[in-house]
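All ligand and atom numbering here is 1-based and tracks the order in the structure.
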Amino acid sequence: MPDRQNDEAATAAFAPPLLGEPYLLTPGPLTTAAAVKQAMLRDWGSWDGDFHALTAELRRRLLAMIGDTQGEFDCVPMQGSGTFCVEAMLGTLVPREGKVLVLANGAYGLRAAQILRTLGRAHAVIDKGDYLPPRGEEVGAALDADPAITHVLAIHCETSSGILNPVAEISQAVEARGRKLLIDSMSAFGAVPADAGTLRYEAIVSSANKCIEGVPGFGFVIARKSALEAARGNCHSLSLDLHDQWTVMEKTGQWRFTPPTHVVAAFIEALRLHAAEGGVAARGARYVQNRDVLVAGMRAAGFETLLADRWLSPIIVTFFCPADPNFAFPRFYELMKAKGFLIYPGKLTVAESFRVGCIGHLDATVMRAVVAAARQSLDEMGVASAAPAPDVLGERAALVA
Ligand SMILES: *Cc1c(COP(=O)(O)O)cnc(C)c1O
């Protein structure tokens, strides 16, 4: 990774994007580079060869990120937000007589189960609550106990708490029993490795507006060609049929229905910036540094993280709200916004919390400013201590293993 501290050009590249625009410390949509926004200032004909070339480049660059040296996978972009793509993946790749084991430890795992319920697909759920990780051993035991399960759905980074789930051990448990793994890597892909050579999966899904740092409007499923081929007729939906999208794209180079042309053009720019930065490793390293600066600074200010260090992802971090009666999250949010930072409310049922994203076009300098803004906001609220109530810390004890 280039030494950003001593590289004026790189530092300038992380300047605030536009005058008066706040930094989005949210896990997508997120802060994008000026060049990504500029790429949207041109209209593209969706039937034209120039746009077909963008689509081909997009698929090629995304496939390269998983190191698919055997040519076993293909990349199918799909219009819509990330959830549309999760639904397309589940609806297309799981046969109608299949059964999915959903590993849930937060909102996105539960949403996947809700999709399956809506589609009328058989499924079982291991629900670990707000933040405990599903472990390989229990996944293996659940698969042994239910031979009807054909697929397992795992969330790579569960964005609702920020936990980085142990997908490697889950993948091993699934592979050892001859079942198929589907990974929702929405908020991790492009920054956390998902190498096809080391992690065994049937398909992995992500979207334009997370770690690749594009703008929202489409997502993509990277799936084994064998799975895509076998999926004809599986899908409950015309517009979300991944098999159909894939075959038409292979044949014509086109998306079946109107593509989000400007979003695709912006995404190509984002992919080029991703490669120029040094690919998945460098993107991940920048986010790790963002997180480390954020967590160290917030802890020094008295805040506590929900998760123990080993489970903290470089994507987003959950902090407990201070117990001080002068603290109120809506006021804290407005004070942070006034300083140029949009943070994210928490999604825990166990305790009051808030989240700060580490992803997007921002670096450690920005994260230091976030910490300073948080300290100042506490002062303005008259909060003497950022410490959470002692009983919520007991929650974290469950996570030391
Ligand atoms: C963002 C995200 C999604 C998709 O959310 P959309 O709002 O539909 O884009 C799915 N899973 C995870 C883990 C996510 O972080």
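Taking the ring centre of Tyr108 as origin, the terminal cationic atom of Lys210 falls inside the region bounded by 6.0 Å and 45° from the ring axis.
No close placement of the Phe329 and Tyr344 rings is indicated, their centers lying 6.0 Å or farther apart.
Looking at residues two or more places apart in sequence or on another chain, you find a ring-ring contact (aromatic ring centres under 6.0 Å, His included) between Phe354 and Phe303, Phe319, Phe332. Residues passing the salt bridge (Lys or Arg N to Asp or Glu O under 4.0 Å) test with Arg272 are Glu57, sequence neighbours excluded.
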Between ligand 1 and the protein, tabulate every N or O atom pair separated by less than 3.5 Å, reporting distance only.
residue, atom, partner, partner atom, Å
ligand 1, 8 (O), Ser81, OG, 2.5
ligand 1, 8 (O), Gly82, N, 3.4
ligand 1, 8 (O), Thr83, N, 2.8
ligand 1, 8 (O), Thr83, OG1, 2.5
ligand 1, 9 (O), Gly82, N, 3.0
ligand 1, 11 (N), Asp184, OD1, 3.3
ligand 1, 11 (N), Asp184, OD2, 2.7
ligand 1, 15 (O), Thr159, OG1, 2.4
ligand 1, 15 (O), Lys210, NZ, 2.8

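Here ring pair (Phe, Tyr, Trp, His ring centres under 6.0 Å) pairs that include residues 203-229, with residues two or more places apart or in two chains, are Phe189-Phe220, Phe218-Trp255, Phe218-Phe267.
With 3.5 Å as the limit, one finds a donor-acceptor pair spanning the side chains of Gln245 and Gln79.
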